[in-house]
Visitor: 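Just dropping this structure here.
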Amino acid sequence: MPLYESQSIKIYNSLNGEKQDFEPIIPGYVGMYVCGPTVYSNVHLGNVRTFMSFDIIYRYLKHLEYKVRYVRNITDAGHLENDADEGEDRIAKKARLEAIEPMEVVQRYTVDFHNILNTFNFLPPSIEPTATGHIIEQIEIIKNIIDNGFAYKVNGSVYFDVLKYNESKSYGILSKRKVEDLIHNTRALDGQSDKKNPQDFALWKKAEPQHIMRWPSPWSDGFPGWHLECTAMSTKYLGEQFDIHGGGMDLKFPHHECEIAQAEATNDKAPVNYWMHANMLIMNGKKMAKSTGNYILPNEIFSGDNPHITKAYLPSVARFFMLQAHYRSILDFTNNGLLASEKGYFRLMDAINLMDNLKTSSTSSVDIQNWRQKCYDAMNDDFNTPVLIANLFDGAKFINQIKDGSATITHEDLDLLKSTITTFTFDILGLKNSDKEVVGSDKLSSAVEILINLRKEARVNKDFALSDKIRDELAEAGIQLQDGKDGTTFTTN
RNA sequence: GGCGUCUUGGCCGAGUGGCUAGGCAAAGGUCUGCAAAACCUUGUACAGCGGUUCGAAUCCGCUAGACGCCUCCA
């Protein structure tokens, strides 16, 4: 029996603001689409947080033995910097500034994106399609929308007719906006001439002569509208209706709203059952922005080379920090927060690394089965990683108590404890074990064992000057000795 | 201006009508030659003001503040 039959999860659905029981369209199979990055500059931490949230969701669904197809796109077609009918797209702009081809920009930052995600120990998605690889599919969708009467052509461009759509459907269903309000509140944009109404959005844009990224279409040489690629790729790989669509909160409107409209206008069906939105990452209480200097690159966290942090942090520490907040909460990235998480992370790892050396007893003083289910309950409740982590700390406490002799565990329970804590910590949360290791069998361990024995002799002889010298100098070298009831162990790092 | 979200103990951060979140920091204790680590104990928090209720941090209203979206953005 697959695990998902005994562990039922609830997902907060942005569509109705409720936690709902998750029931995939096809039992046992899950289709999940997440809006990926536009590759025109280095990934920033906010992107990382969003994708991390869905990495966890992907990992957990897989752990529950669902067959998951996870599609996360790369937006490599440039889109305009604003919604006016003129202006440069961001990739082209970057290309011009650096005097390179747009596709060089795309390549450079796609590689950067993958590198950073690898460093953070992300699982690759099942399919990672690109927008430029699906121009034909996008054109086909536009044709359909035109045929269905929800789009109009003007001067080689094609626009989605929001008012027309709203007559039979509801534009704003996801973001809870009313079209009337949008009309009243849309700012007048200069140079806007082609659209019938300001809230209409482009499906196809005719390219200006200097525009490099362009493709032929029935309407003009041009490029697709930003919202269209996700509709094209999600439909192609997951079908007209699929289970989960995710992205950052800031994409809810207009991007996801437009995706729904496009899909409905094409297939007359709601495309997605569960919409999920990851909340924003801010820094020191404010939005991250390059322009104000309130900004940090992922690599700077690993190197410590940024004025907002006081030291370098392991990727797993940054990951742990982010997972200590729920994905639907705004998270404030601060040095103090990182520092606190780092200590907690090492505490958890130290306990996990102790497990192999625990003594078992004929009875268990802790209910491991119950604890294990609490770990599942946390994740089943809309992927509540902070609560899961709290439970993992309880597990760490059990381990330490057993080591101290203030708790006991049977061999069977210890196996369950081990498999549960490592599965959740490494497979589901995607953390990596620290460099710290308890005594192993390598040369370093042998050498440290010799020093530990020398120190022991010195202590027996009450030569505390020598014993403390050994302890302190090892500490300086990054090796910490821990005196316990059953002798001395050590950790590195 | 419109729409929406949020405001929890020293800090971070869960929860949500009555029952300990957790981490970090702090205090006391056990252990130790001394430390460190670990373990035990300690905090009685939920922006303010009203209302609903037997009971609210949790529901409703108002006020204040923060943030997001409304224009590219994860």
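Note that these values count all heavy atoms, side chains included, but never hydrogens, waters or copies made by symmetry.
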Visitor: Which part of the nucleic acid does A/Asn336 contact within heavy-atom distance under 4.0 Å: base, sugar-phosphate only, or nothing?
Guide: nothing
Visitor: Can you confirm whether the side chains of A/Tyr327 and A/Asn384 place a donor and an acceptor under 3.5 Å from each other?
Guide: no
Visitor: Would you mind telling me which of A/Lys10, A/Lys19, A/His326 makes a side chain to side chain donor-acceptor pair (under 3.5 Å) with A/Asp381?
Guide: A/Lys19
Visitor: Just how far, in rounded Å, is P of B/rC12 from CZ of A/Phe393?
Guide: 18 Å
Visitor: Do any side-chain nitrogens or oxygens of A/Lys287 fall under 4.0 Å of OP1 or OP2 in B/rC69?
Guide: yes
Visitor: Tell me, do A/Thr130 and A/Asn73 make a side-chain contact under 4.5 Å, heavy atoms counted?
Guide: no
Visitor: Shortest non-hydrogen contact from A/Asp332 to A/Gly285?
Guide: OD1-N, 2.8 Å
Visitor: For the pair A/Asp463 and A/Arg455, find out whether any cationic side-chain nitrogen is under 4.0 Å from an anionic carboxylate oxygen.
Guide: no
Visitor: Round to a whole Å and report the spacing from CD1 of A/Ile282 to C1' of B/rC12.
Guide: 12 Å
Visitor: Measure up the A/Phe113 and A/Phe51 rings against each other and bin them: parallel (under 30°), tilted (30 to 60°), perpendicular (over 60°).
Guide: perpendicular
Visitor: Please determine if a side-chain N or O atom of A/Arg177 lies less than 4.0 Å away from the OP1 or OP2 oxygen of B/rG2.
Guide: no
Visitor: Taking only side-chain N and O atoms of A/Arg347, does any of them lie within less than 4.0 angstrom of OP1 or OP2 on B/rC24?
Guide: yes
Visitor: Given the structure, check if the side chain of A/Arg328 and the base of B/rC6 hold any donor-acceptor pair shorter than 3.5 Å.
Guide: no
Visitor: Could A/Arg471 and A/Asp468 be called an ion pair, given the rule that one side-chain N must be under 4.0 Å from one carboxylate O?
Guide: yes
Visitor: Rounding to a whole Å, what distance do you find between A/His326:NE2 and B/rC6:C1'?
Guide: 14 Å
Visitor: For A/Tyr109 and B/rA74, what is the distance between atoms OH and C1' respectively, to the nearest whole Å?
Guide: 18 Å
Visitor: Hey, are the side chains of A/Leu474 and A/Phe490 touching, using non-hydrogen atoms and a 4.5 Å cut-off?
Guide: no
Visitor: Are the aromatic ring centres of A/Tyr313 and A/Phe321 under 6.0 angstrom apart?
Guide: no
Visitor: Under 4.0 Å: is that the gap between some side-chain N or O of A/Asn384 and OP1 or OP2 of B/rG15?
Guide: yes
Visitor: State whether A/Gln199 places a side-chain N or O below 4.0 Å from either non-bridging phosphate oxygen (OP1 or OP2) of B/rC70.
Guide: no
Visitor: Consider the side chain of A/Ser467, meaning its heavy atoms from C-beta on, and name the nucleotide among B/rG33, B/rA35, B/rC69 that approaches it most closely.
Guide: B/rG33
Visitor: For B/rC39, does either OP1 or OP2 sit under 4.0 Å from a side-chain N or O belonging to A/Asn400?
Guide: yes
Visitor: Starting at the 5' end of RNA chain B, what dot-bracket string do you get if Watson-Crick and G-U pairs under 3.5 Å are bracketed, crossing pairs use [ ], other-strand pairs use | and unpaired bases use dots?
Guide: (((((((..(((.....[...))).(((((.......)))))....(((((..]....))))))))))))....
Visitor: Ignoring backbone atoms, test whether A/Ser341 places a side-chain nitrogen or oxygen under 4.0 Å from the OP1 or OP2 oxygen of B/rC12.
Guide: no
Visitor: Quick one: do A/Asp404 and A/Lys397 make a salt bridge, cutoff under 4.0 Å?
Guide: no
Visitor: Of the residues in residues 294-301 of chain A, which ones touch RNA chain B at a heavy-atom distance under 4.0 Å?
Guide: none
Visitor: Can you tell me if the side-chain N/O atoms of A/Lys343 get under 4.0 Å from OP1 or OP2 in B/rG23?
Guide: no
Visitor: Whole angstrom is fine here: how far is it from CD in A/Gln482 over to P in B/rA37?
Guide: 9 Å
